[in-house]
2 protein chains.
Amino acid sequence: MASGSVETQADPGQRAADELFNKFEAMIQSGELPDGAPLPPEREIVERYGISRTVVREAILALSNKGLVEARPRFRPVVRKPSFDTALDTIGNVVTRLLEQGEGVKNLFDMRVMVEVALARQAATDANRDDIYRLKQALEENETAINDMDRFFETDIKFHRIMYEMSGNPILPAVHRAYITWLQPNWVKMPTLPSRNQLNFESHTAIYNAILMRDPDQAEVATRKHLADAWDQINRILMESD
Amino acid sequence: MASGSVETQADPGQRAADELFNKFEAMIQSGELPDGAPLPPEREIVERYGISRTVVREAILALSNKGLVEARPRFRPVVRKPSFDTALDTIGNVVTRLLEQGEGVKNLFDMRVMVEVALARQAATDANRDDIYRLKQALEENETAINDMDRFFETDIKFHRIMYEMSGNPILPAVHRAYITWLQPNWVKMPTLPSRNQLNFESHTAIYNAILMRDPDQAEVATRKHLADAWDQINRILMESD
DNA sequence: AAACATATTTTGGTATGATCAAAATACGAG
DNA sequence: CTCGTATTTTGATCATACCAAAATATGTTT
């Protein structure tokens, strides 16, 4: 298995750019380059490390591609501390392409259903008073927004977000954001009607009630129904555009 | 708002390298550059598109960073058709760093539990004869390997993999692979004993039986217990190394 | 003729230096 | 102090060159 005894720690055969990349990655990780700070000018890096600009650019490119810094075309790259969010952002492009083919969207949506069902069950079992309060809050906001398309959209997402947050696992809100980001484009084409808002609000209520009653099975049923409705609507749109 | 009349379709402000990147991405997507094919030499690309090598390199760099091609240091980059697997590979580095801090590993593990519980429940509800046969097959392989550490390890993973595959959703096997890849490093330090293998095999059996009995609740219980055991062992190791 | 060793050519990685346009900054007028 | 303009920085791109490793061609041995 092991190949040699070259002990430059990781892999010695790496290019200079990789080495620089690692240095910056470490600096970002350690906070020496705080979140939001701009990277030094390329030429400065060049002389500080005694390497060519080519290498510097490639390293920065890599940082950018991996989401460790945000680099708008002509601007100084800005540090973005890595998080699960940025990690998911990084693969956004690729995922988007993947979704375009075959059952892509359906598969991702199914994953979402799976996760949300699990969250609902978990909530029904474990949610504490505070969680439930927050959920209720969101539900009420949702209700007051039934006639305001934009706000309903927002509060709808928020209700779900709280479900993800209730898990207490910081990975899950990131997953939620990813679902939103990746599935949204398929949603927006959908004409929103107040009647649909009303329906969705009722679905949310059903989920909330099931959680309140500490009934995982009911929470699952309500969640499935809610998402199945949503899928129906999406699906109808997708069919039309084919 | 709108700046100019530069109509390079999408967003004109992109760098030359991005443009080239997109071209290659399209070629990969369309199969014009089939999976496994090496990219043309840099200098050839240079003259074909009339751009500088800098740009070519940056574009290739980006392809590499995003996982669309695989580029070992001194070798010609090789096309790797994007898939959920490669997408997850892409963020592997970052995720690994993220896991190192705080409750990272625990959080990812909890996600895994959540997903596998959902899979087990789903399997108990939906698994068809063929699925169950494959699972049984894996279970038997698992049993015969109890005294062979390496093979047990393999068959252990395979058992779980089949659970992920049974979902019929191609995203899930990719997720499984990601879990394995990201959590593995924390596992390997763990001394494996035949007695532990025996225990794990029994856990697998319990899950299998619950699915066979079409009992989602029992499938959930068995899965939770199995993974909780695994976590106990991991945790013990992590504690020691602190 | 096949296998192997060696000489050539190709090609990726890196370094320099230069140019251009846009961004950042300094500066001066109102 | 604010705003517009002149300077300076700086990112993006290009052209060229060199080196070492990889790919390939060539010749030698069995």
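Within every chain, numbering begins at 1; the chains are lettered A, B, ... in the order of the sequence lines, protein sequences first and strands thereafter. For clarity, every value in this text was computed on a predicted model and none was experimentally measured.
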Under the ring-ring contact (aromatic ring centres under 6.0 Å, His included) test, which residues partner A/His176, sequence neighbours left out?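 So A/His176 forms a ring-ring contact (aromatic ring centres under 6.0 Å, His included) with A/Tyr164.
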Taking ring-ring contact (aromatic ring centres under 6.0 Å, His included) as the test, write out the residues that go with B/Phe201, two or more places apart.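 Here no residue qualifies.
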Specify the separation, in whole Å, of atom [atom1] of [X] and atom [atom2] of [N].
| X | N | atom1 | atom2 | result |
| --- | --- | --- | --- | --- |
| B/Ile45 | C/dT11 | CD1 | C1' | 12 Å |
| B/Glu70 | C/dG12 | CD | C1' | 17 Å |
| B/Ile51 | D/dT16 | CD1 | C1' | 17 Å |
| B/Phe75 | C/dT10 | CZ | C1' | 14 Å |
| B/Glu47 | C/dT10 | CD | P | 13 Å |

Pair listing, ring pair (Phe, Tyr, Trp, His ring centres under 6.0 Å) test, anchored in residues 44-92 of chain B, at least two apart: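 Matches after skipping sequence neighbours: none remain.
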Determine whether B/Gln29 and A/Arg97 satisfy the following criterion, side chain to side chain donor-acceptor pair (under 3.5 Å), listing intermediate values before the conclusion. CA-CA 8 Å; B/Gln29 192 73 24; A/Arg97 309 269 172 181; 5.5 Å; no
For B/Arg48, give me all partners under salt bridge (Lys or Arg N to Asp or Glu O under 4.0 Å), at least two apart in sequence or on another chain.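 Result, salt bridge (Lys or Arg N to Asp or Glu O under 4.0 Å) vs B/Arg48: B/Glu44.
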Contacts of type salt bridge (Lys or Arg N to Asp or Glu O under 4.0 Å), residue B/Asp156, not counting sequence neighbours: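 Salt bridge (Lys or Arg N to Asp or Glu O under 4.0 Å) list for B/Asp156, sorted by chain: empty.
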Nucleic acid contacts of residues 52-69 of chain A, taken as heavy-atom distances under 4.0 Å to DNA chain D: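 A/Arg53, A/Arg57 - these, ordered by number, are the residues of the stretch whose heavy atoms sit under 4.0 Å from the strand.
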Does A/Thr90 have any side-chain hydrogen bond (donor to acceptor under 3.5 Å, both in side chains) partners at least two apart in sequence or in another chain, and if so, which?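 side-chain hydrogen bond (donor to acceptor under 3.5 Å, both in side chains) list for A/Thr90, sorted by chain: empty.
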Under the side-chain hydrogen bond (donor to acceptor under 3.5 Å, both in side chains) rule, collect the residues that match up with A/Tyr179, sequence neighbours excluded.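 Here no residue qualifies.
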Which nucleotides of nucleotides 4-10 of chain D have their base under 4.0 Å from a protein heavy atom (B), which only their sugar-phosphate (S), and which neither (-), written as one string 5' to 3'? ------B
